[in-house]
Amino acid sequence: RDEHGRRARLSFARLVRLAFTSSGATNPITRIYVDDANPLGPGSVALYMARDSIPATAEDVALVDAYVADRWSAGRGRFKSYAAAVLTITISGAIKGPSNEAAALTQADAALQALSPRYPIGGAVVYAEQVRTAIMGGTTGALNVTLTLAEQTPIPPGSIVAFVLGTVT
């Protein structure tokens, strides 16, 4: 199953690239998730797409759908592409050490925005320690970071992660 999944991702990544290049556009899609477990009926495939830190646009989805529809083999089930859903994780806690709280919050937010695109679309887990480490490393003068966050947050299939700062002191 893992080898099959890898081949499916590579095949669909190629189709996405070709959809954009054949239309003369630059491919903005950086992450895909292929659901080939018959999500829309027998033989069907759903493709979820995202840009760096946001879901694919409606235009991205329409372009890929149009390109793949013309090339989808007869006898196969339905194909449909989607913009990835967004799993919003609110980060609250405390950053100890920085002398400038406003600058620390700006740096912590930047660290979180840099972290979110590192997660694949679905099938991964956000660990609190990864978040804590990103904030600690990205905030000047941080000596300790404590978070009010689940130790593990699974990313649902077809979803990307978006971090939002909650109450951080």
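Applying the side-chain hydrogen bond (donor to acceptor under 3.5 Å, both in side chains) test to Thr21 and every residue at least two apart in sequence or in another chain returns nothing. Partners of Asn100 according to the side chain to side chain contact (heavy atoms under 4.5 Å, CB included) rule, which considers only residues two or more places apart in sequence or in another chain, are Ala102, Ala103. By the side chain to side chain contact (heavy atoms under 4.5 Å, CB included) test, Leu63 is found to be paired with Ala19, Phe20, Ser23, residues two or more places apart in sequence or in another chain being considered. Not counting sequence neighbours, the partners of Arg71 by the side chain to side chain contact (heavy atoms under 4.5 Å, CB included) test are Tyr67. When the salt bridge (charged side-chain N to carboxylate O under 4.0 Å, His left out) test is applied to Glu101, no partner is found at least two apart in sequence or on another chain. Shown here are the salt bridge (charged side-chain N to carboxylate O under 4.0 Å, His left out) partners of Arg31, two or more places apart in sequence or in another chain: there are none. By the side chain to side chain contact (heavy atoms under 4.5 Å, CB included) test, Ala124 is found to be paired with Pro120, Ile155, residues two or more places apart in sequence or in another chain being considered.
Summarising the geometry, atom CG belonging to Asp35 is positioned 10.0 Å from atom CG belonging to Leu47; distances are rounded to the nearest 0.5 Å.
Residues Val164 and Ile89 have side chains not in contact (no heavy-atom distance under 4.5 Å, counting atoms from C-beta outward). Ile95 is not listed as a side-chain neighbour of Asn144, based on a closest heavy-atom distance of 4.5 Å or more. For the pair Leu15/Val64, no side-chain contact is recorded, criterion being any heavy-atom separation below 4.5 Å from C-beta on.
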Name each donor-acceptor pair under 3.5 Å that joins a side chain in residues 48-58 to protein atoms two or more places apart or in another chain, with its distance.
from: Arg51; atom 1: NE; to: Asp60; atom 2: OD2; distance (Å): 2.8
from: Arg51; atom 1: NH2; to: Asp60; atom 2: OD1; distance (Å): 3.0
from: Arg51; atom 1: NH2; to: Asp60; atom 2: OD2; distance (Å): 3.3
from: Thr57; atom 1: OG1; to: Glu59; atom 2: N; distance (Å): 3.4
from: Thr57; atom 1: OG1; to: Glu59; atom 2: OE1; distance (Å): 3.4
from: Thr57; atom 1: OG1; to: Asp60; atom 2: N; distance (Å): 3.0
from: Thr57; atom 1: OG1; to: Asp60; atom 2: OD1; distance (Å): 3.2
from: Thr57; atom 1: OG1; to: Asp60; atom 2: OD2; distance (Å): 3.2

Using distance only, find each side-chain donor-acceptor pair of residues 78-87 under 3.5 Å and give its atom names and separation, not counting sequence neighbours.
from: Lys80; atom 1: NZ; to: Asp65; atom 2: OD2; distance (Å): 2.6
from: Ser81; atom 1: OG; to: Val61; atom 2: O; distance (Å): 3.3
from: Ser81; atom 1: OG; to: Asp65; atom 2: OD1; distance (Å): 2.6

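For the pair Ser44 (side chain) and Gly41 (backbone), a donor-acceptor distance under 3.5 Å is present. Using a distance-only test at 3.5 Å, with no hydrogens or angles considered, no donor-acceptor pair links the side chain of Asp36 to the main chain of Val45.
Listed by first then second residue, pairs satisfying salt bridge (Lys or Arg N to Asp or Glu O under 4.0 Å) with a partner in residues 106-122 number zero, not counting sequence neighbours. Residue pairs meeting the side chain to side chain donor-acceptor pair (under 3.5 Å) criterion with at least one partner in residues 121-132, sequence neighbours excluded, are Tyr119-Gln130, Glu129-Arg132, Glu129-Thr133. Listed by first and then second residue, the side chain to side chain donor-acceptor pair (under 3.5 Å) pairs that reach into residues 145-169 come to none, sequence neighbours excluded.
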